[in-house]
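Computed from a predicted model, the values in this text were never measured in an experiment. Just so you know, ligand 1 is whichever comes first in the structure, and atom 1 is the first atom listed for that ligand.
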Amino acid sequence: MHNPIDPELPEDDLDRAAAIVRQARRVAVLTGAGVSAESGVPTFRGATGLWEGQAVTDVATPTAFARDPALVWRFHNALRAHMKVAAPNPGHLALAALERRFGNRFTLATQNIDGLHQAAGSRNVLELHGRLSRVRCAACTYVADRPGEDLPDLPRCPECGAMLRPDVVWFEEMLPHGVWREAYKAAEGCDCFLVVGTSALVFPAAGLIEVAGSARARILEFNLERTAASSRVDLGLYGPSGQTLPDLMRRL
Ligand code: OAD
C-alpha cells in the first residue's frame, strides 16, 4: 500500500473512501472503458473485449489505416453504432455530481472516446484518446463533430477530398499535447485520485496513477477486479462502478 490509511478512518471501505474524498482539497479522476460497460459500450480487454479476436495492429494504428482504411473504418463505424445508442449510467452521473461538489478543484481525465461523461453532465473532461464522434481530415485541418451519422467505409473530407479518419488516438500515436499536459498537472496537484474502470495497462494514461502517487495523493480504485494499478492504490472498491460510485456519493 502506497500511503497507509489513517487508522482512525472508518472500517467499511465505502465509508473510508467517503472520508478520504470529503477531506480532499483537489480531486482528479482517471476513467477507462469499465465506467461505460454498464451503458453497453464494450471494453477493450477481457473475454468480451474489443481486442479479443481482433488485432489492434489491424484496426487501430496509423500503419493499419494506411494499409486498409476501409477495414479500419468498418471497425470504428461498428463502434460508432454501439455508442450512438449508449446512454450514461449511474457511474457517469455520480462523477458529474462529484464535479459539481468540487467545482474547479476537480478534473476528470478519460481514456474513453464515447462522450458519455459529457452526456452525463461532466463539464471539465480531458479526453486523452480523442472522441469517436469527431472526424478529422488525414491531409488538411478539417475537424468536425459528426455524432449519430452513418459514415461510409471510406469517408472523404468535404473540404479537400482526402480521406477522413476518426479523431481518436491510435496505438503508436501521441496524445493531444495540451490535454495530456492538463491531465498531468491535475494528477500532480490533487490530493485524492480516483481510478475508475481501467485495466491501467495502456501508457501514458496509466502513468497518471504513478504521478498522483508520487505527489502523495490518496488513490482509490473502482473496478470489478484488481488491476495492474492495485498495488499502488490506498483503497480498492471492487464492484460495478455504476453501483460503487453512487454508493460513494450517498456517503459524502
Ligand atoms: P480495458 O478494457 O483495458 O479495461 C477495462 C477495465 O474495466 C477492466 O479493468 C475491467 O475489470 C473494468 N470493468 C469492466 N466492467 C466494469 C464495471 N461495470 N465497473 C467497473 N469496472 C469495470 O479498458 P481501458 O483500461 O479503458 O485505447 O483501456 C485503455 C485503452 O486501451 C483504451 O482507451 C483504448 C484501449 O486500447 C486506445 O484505443 C488508444
List in chain and number order the residues that pass ring pair (Phe, Tyr, Trp, His ring centres under 6.0 Å) with His82, two or more places apart in sequence or in another chain; answer none if no residue qualifies. none

For residues Glu221 and Ser230, is any side-chain donor paired with an opposing acceptor at under 3.5 Å? yes

Got a sec: does the CZ of Phe102 have more than 12 other heavy atoms crowding it under 6.0 Å? yes

Got a sec: does the CZ of Arg123 have more than 12 other heavy atoms crowding it under 6.0 Å? no

Parallel, tilted or perpendicular: ring planes of His117 versus His92, cut at 30 and 60 degrees: perpendicular

Which residue in the set Thr31, Asp114, Thr43 passes side chain to side chain donor-acceptor pair (under 3.5 Å) when paired with Ser36? Asp114

Run through ligand 1 for me and note each protein residue having a heavy atom under 4.0 Å from it, chain first, then residue number. Gly32, Ala33, Gly34, Ala37, Glu38, Thr43, Phe44, Arg45, Trp51, Gln111, His129, Val169, Phe171, Gly197, Thr198, Ser199, Val202, Asn223, Leu224, Glu225, Thr227, Gly239, Pro240, Ser241

